[in-house]
Student: 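Dumping the structure here so I can ask a few things about it.
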Amino acid sequence: MYALVDCNNFYVSCERVFNPALRDRPVVVLSNNDGCFIARSEEAKAIGLNMGAPAFKSRELLREHHVAVYSANFALYGDMSARVMKTLDDFAPDIEIYSIDECFLDFSGFGRFDLEKYAHEIRRKVRRNTGIPVSVGIGATKTLAKAANRMAKKNPALGGVSIILSQPQVHAALEAMAVEHIWGIGRQYAALLHNHYIHTALDFASAPVPWVQKNLHITGVRVQEELNGQSCLPLELVRSPKQTICTSRSFGRAVTSREELQHAVAHFASRCAFKLRTEGSRASLITVFASASSYADREQRYRGTQSVSIPEASSDTMLLVKVAERALESIYREGYQYKKAGVMVSAIGSNCEPEQLSLLLFDTDPSPAKQERAGQLMQAVDALNARYGTGTLRVASDNVSGWKSRQERLSPRYTTRWSDILEVKA
DNA sequence: TCTGGGGTCCTAGGACCC
DNA sequence: TCTGGGGTCCTAGGACCC
């Protein structure tokens, strides 16, 4: 048995914790560069502000309804998430943090408990500890717990808790759920299913397995089994190291100069190197991409991508920046209005794996002593940045001034920066 | 003026091996 | 008339998730 705890309108709820005046008001949170809606309060949904829709198209609506608009404040949301997860950890022997606002709880053997009461206690405790409202769904499999959670959210009469365990409960829940709302069924598969007269989760659960295998492959078969109460998605207790790491941003304004693009790429490469070090990993393939607006006229569109592999996996900022800048050289074209760029690192291995013998490349001295020093330098850099703030110490080419994403409605980092709190007080 | 930023898994098909 | 029968590895692309 599993429970899925999901924070309600998480980013909006985070903003409301620190600004109670936002309660009962329509509130939205925008994506990076203040582009799209990525979180909406119930009031904002009711007005017709859609998930993922570009904000500039709804400017009238926003003004008309006095909607409170915020730039995404991931420092705040990440910290609030950690507090929610810490609270949930006390409620089950094992938990899986599935996303920034969702957590699966292992409820194996919890059948003898009063689950309804227990779920409400979870809600009460998270609310008291963090101020964040959550919904709880309980089912025999993760997919059923997901479905239950959706019901809890959609039906206010349930008080934020939904349990689908008995056969009639499961039957009724699946019958009421459209296929496109099943976890693991996206737009494409939903369209295919509807074309074959499979409209509800119940229809899908009883569809012929060979047909599902043929058209939705093994992942679709698993979803089907999960709906039928057979668990095939176990709780993932340890997160395996990432296989790819990507840092990319849309620019606050169009960038045309090679130099500013270099600054951006150096910044993204530095972030990737830092993320690698946080994971205890190293990468040996670096991919750089830069693109002009994909909404521009056809002749003004451009997207360049270049990958460079290095002979020895690394998480050294200086090396990755150097390699990324070289990759950028080969894709930069004069005369385009660049709107976005990014760096991706892959072919990732663990720090613990034995190193290959170095080759004399990239004019870096590969002697073990120098590598050792480079590692120590990165440790020192990370320690200083952790203490004094990201970006305190960085390579000179890592410069955000020319291209920085728009963040015009950013709230203070209430829980992670003293300086931001002092600002609030002032 | 203005449209996010991350990830995962699976499959098909080609190159290559003996 | 007829043209083997296994494998593995890699990559691109398509689906999905938040």
Side-chain angles (χ1 to χ4, degrees), chain A residues 4-7 9-11 28-39 49-60 62 69-74 77-78 81 96-104 142-143 146 149-150 179-193 212-223 226 232-233 236 239-254 264 267-268 271-272 275 279 281 285 287 289 291-296 301 305 307 309 337 339-348 404-409:
Chain A
L4 176 66
V5 179
D6 192 321
C7 302
N9 315 326
F10 181 53
Y11 299 164
V28 295
V29 175
L30 304 179
S31 61
N32 268 325
N33 216 27
D34 293 347
C36 306
F37 302 122
I38 56 170
L49 301 173
N50 294 324
M51 192 69 174
F56 74 91
K57 288 189 176 174
S58 301
R59 218 171 0 178
E60 293 296 308
L62 293 174
V69 179
Y70 284 87
S71 303
N73 185 344
F74 290 112
Y77 310 152
S81 171
E96 174 189 340
I97 299 171
Y98 176 68
S99 74
I100 194 167
D101 71 331
E102 284 174 76
C103 187
F104 286 104
K142 282 179 162 183
T143 307
K146 266 272 192 188
N149 192 289
R150 187 183 157 81
V179 282
E180 54 266 40
H181 297 136
I182 303 170
W183 188 42
I185 302 297
R187 262 229 293 274
Q188 303 300 318
Y189 285 154
L192 176 79
L193 292 172
V212 175
Q213 163 75 53
K214 180 164 179 283
N215 292 280
L216 290 84
H217 315 294
I218 185 67
T219 36
V221 175
R222 278 188 209 133
V223 171
E226 285 252 320
C232 359
L233 305 172
E236 292 184 19
R239 192 179 63 73
S240 36
K242 288 182 168 54
Q243 300 167 39
T244 62
I245 289 173
C246 179
T247 307
S248 76
R249 288 288 178 279
S250 296
F251 300 147
R253 58 170 176 80
H267 180 76
F268 302 144
R271 291 298 301 167
C272 284
K275 291 177 188 176
E279 291 256 319
S281 298
L285 186 65
T287 303
F289 58 90
S291 55
S293 171
S294 44
Y295 302 94
R301 285 185 215 170
T305 303
S307 298
S309 64
Q337 307 255 314
K339 284 296 292 179
K340 182 178 179 168
V343 172
M344 195 161 88
V345 294
S346 50
I348 287 176
K404 200 154 70 81
S405 296
R406 255 194 311 274
Q407 283 186 306
E408 287 168 2
R409 313 298 310 267

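Values below: every heavy atom of this structure, side chains too, minus hydrogens, waters and symmetry copies. A note on names: the letters A, B, ... follow the listed sequences, proteins ahead of strands, and every chain is numbered from 1.
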Student: Whether A/Lys340 contacts B/dG5 is assessed here as follows: a side-chain N or O lying under 4.0 Å from the phosphate OP1 or OP2. Is that the case?
Tutor: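 So the side-chain polar atoms of A/Lys340 do come within 4.0 Å of the phosphate oxygens OP1 or OP2 of B/dG5, strictly under.
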
Student: Side chain of A/Arg222: nearest nucleotide among B/dC9, B/dT3, C/dA15?
Tutor: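 Closest nucleotide to the A/Arg222 side chain: B/dC9.
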
Student: Is the phosphate of C/dC16, meaning OP1 or OP2, less than 4.0 Å from a side-chain N or O of A/Lys146?
Tutor: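 Answer is no, no contact under 4.0 Å.
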
Student: Please give, in whole Å, the distance from B/dG6 C1' to A/Arg271 CZ?
Tutor: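 From A/Arg271 CZ to B/dG6 C1': 13 Å.
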
Student: Looking at A/Lys142 and A/Glu96, does any basic side-chain N land under 4.0 Å from a carboxylate oxygen?
Tutor: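 Answer for the salt bridge query: yes.
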
Student: Would you say a side-chain N or O of A/Ser31 is under 4.0 Å from OP1 or OP2 of B/dT3?
Tutor: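 A/Ser31 to B/dT3 OP1/OP2: no side-chain N or O under 4.0 Å.
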
Student: Between B/dG5, C/dC18, B/dC10, which one does the side chain of A/Ser99 approach most closely?
Tutor: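 Output: C/dC18.
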
Student: Tell me whether the side-chain N or O atoms of A/Arg59 pair up with the base of B/dT1 as donor and acceptor below 3.5 Å, since no angle test is needed here.
Tutor: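 Indeed, a donor on one side and an acceptor on the other fall under 3.5 Å apart.
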
Student: Is A/Ser250 close enough to B/dG5 that one of its side-chain N or O atoms is under 4.0 Å from OP1 or OP2 there?
Tutor: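 So the side chain of A/Ser250 is within the cut-off, an N or O lying under 4.0 Å from OP1 or OP2 of B/dG5.
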
Student: Between B/dC2 and A/Arg253, is there an OP1 or OP2 to side-chain N/O distance shorter than 4.0 Å?
Tutor: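 No, outside the criterion.
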
Student: If I take atom CZ in residue A/Arg187 and atom C1' in nucleotide C/dA15, what distance separates them, rounded to the nearest angstrom?
Tutor: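 So the two atoms are 12 Å apart, to the nearest Å.
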
Student: Quick one: does A/His267's side chain get under 4.5 Å of A/Lys404's, heavy atoms only?
Tutor: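 No - every pair of side-chain heavy atoms lies 4.5 Å or more apart.
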
Student: Measure the shortest side-chain to side-chain distance between A/Asp6 and A/Tyr98 over non-hydrogen atoms and say whether it is less than 4.5 angstrom.
Tutor: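 Side chain of A/Asp6 against side chain of A/Tyr98, heavy atoms only: no contact under 4.5 Å found.
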
Student: Which nucleotide, if any, forms a Watson-Crick or G-U wobble pair with C/dC18, using both distances under 3.5 Å?
Tutor: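 Result: B/dG5.
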
Student: State which of B/dG6, B/dG4, C/dC16 makes the closest approach to the side chain of A/Gln188.
Tutor: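 Of the candidates, C/dC16 comes closest.
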
Student: Of the listed nucleotides (C/dA15, B/dC2, B/dG6), which one gets closest to any side-chain atom of A/Thr247?
Tutor: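 Taking heavy atoms from C-beta onward, the closest nucleotide is B/dG6.
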
Student: Under the criterion of centre distance below 5.5 Å and interplanar angle below 30°, is A/Phe56 classified as stacked on the base of B/dT1?
Tutor: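 No, A/Phe56 does not stack on the base of B/dT1.
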
Student: Quick one: sort the A/Tyr77 and A/Tyr11 rings into parallel, tilted or perpendicular, breaks at 30° and 60°.
Tutor: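 Because their plane-to-plane angle is under 30°, the rings of A/Tyr77 and A/Tyr11 count as parallel.
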
Student: Just to verify, which of A/His181, A/Glu226, A/Glu102 counts as forming a side chain to side chain donor-acceptor pair (under 3.5 Å) with A/Lys146?
Tutor: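 Among the candidates, only A/Glu102 passes.
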
Student: Tell me whether the OP1 or OP2 atom of B/dG6 has a side-chain N or O from A/Ser248 closer than 4.0 Å.
Tutor: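 For A/Ser248, the contact criterion (side-chain N or O under 4.0 Å from OP1 or OP2 of B/dG6) is met.
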
Student: Under 4.0 Å between a side-chain N or O of A/Arg406 and OP1 or OP2 of B/dT1?
Tutor: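 Indeed not, no polar side-chain atom of A/Arg406 lies that close.
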
Student: Output yes when at least one side-chain N/O atom of A/Lys275 is less than 4.0 Å from OP1 or OP2 of B/dG6, else no.
Tutor: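 For A/Lys275, the contact criterion (side-chain N or O under 4.0 Å from OP1 or OP2 of B/dG6) is met.
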
